[in-house]
Amino acid sequence: MPTYGYKCKACEHTFEVVQKMTDDPVKECPECKGKVKRLLYPVGIVFKGSGFHITDYRKPEKDDGNGHKDEKVEAKPSKEKAETAKAS
């Protein structure tokens, strides 16, 4: 069950309540019985897998003209990114 945070508008008391998603939100402060508002917390994002950027945006392997493909293709930063980094 998720934990919801609340803050009282009158006394600014902050508290958390473990509730089902289908439960009605808390409407009054347990300290002063004033009105409360639900707090929003930032959610962490976790990318799982073997690196989406490397596998999805990889440059194609180069062919040297003799049918041999170059195994190592290194990504080089664009001029715009390099200039932005120097300016910072």
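Counting from 1, the numbers follow the sequence of the chain as shown.
Grouped with Tyr4 in one hydrophobic cluster are Tyr6, Phe15, Val17, Met21, Val26, Val36, the linkage being side-chain heavy-atom contacts under 4.5 Å among Ile, Leu, Val, Met, Phe, Trp and Tyr residues.
Here NZ of Lys33 is found 11.0 Å from SG of Cys11. Values are rounded to the nearest 0.5 Å. Distance check: Lys9 NZ to Cys32 SG gives 12.5 Å after rounding to the nearest 0.5 Å. The CD atom of Gln19 sits 6.0 Å away from the CZ atom of Arg38 when rounded to the nearest 0.5 Å.
The shortest distance between side-chain heavy atoms of Lys7 and His13 does not fall below 4.5 Å. When side chains are defined from C-beta on, Lys27 does not count as touching Lys35, because their heavy atoms never get closer than 4.5 Å.
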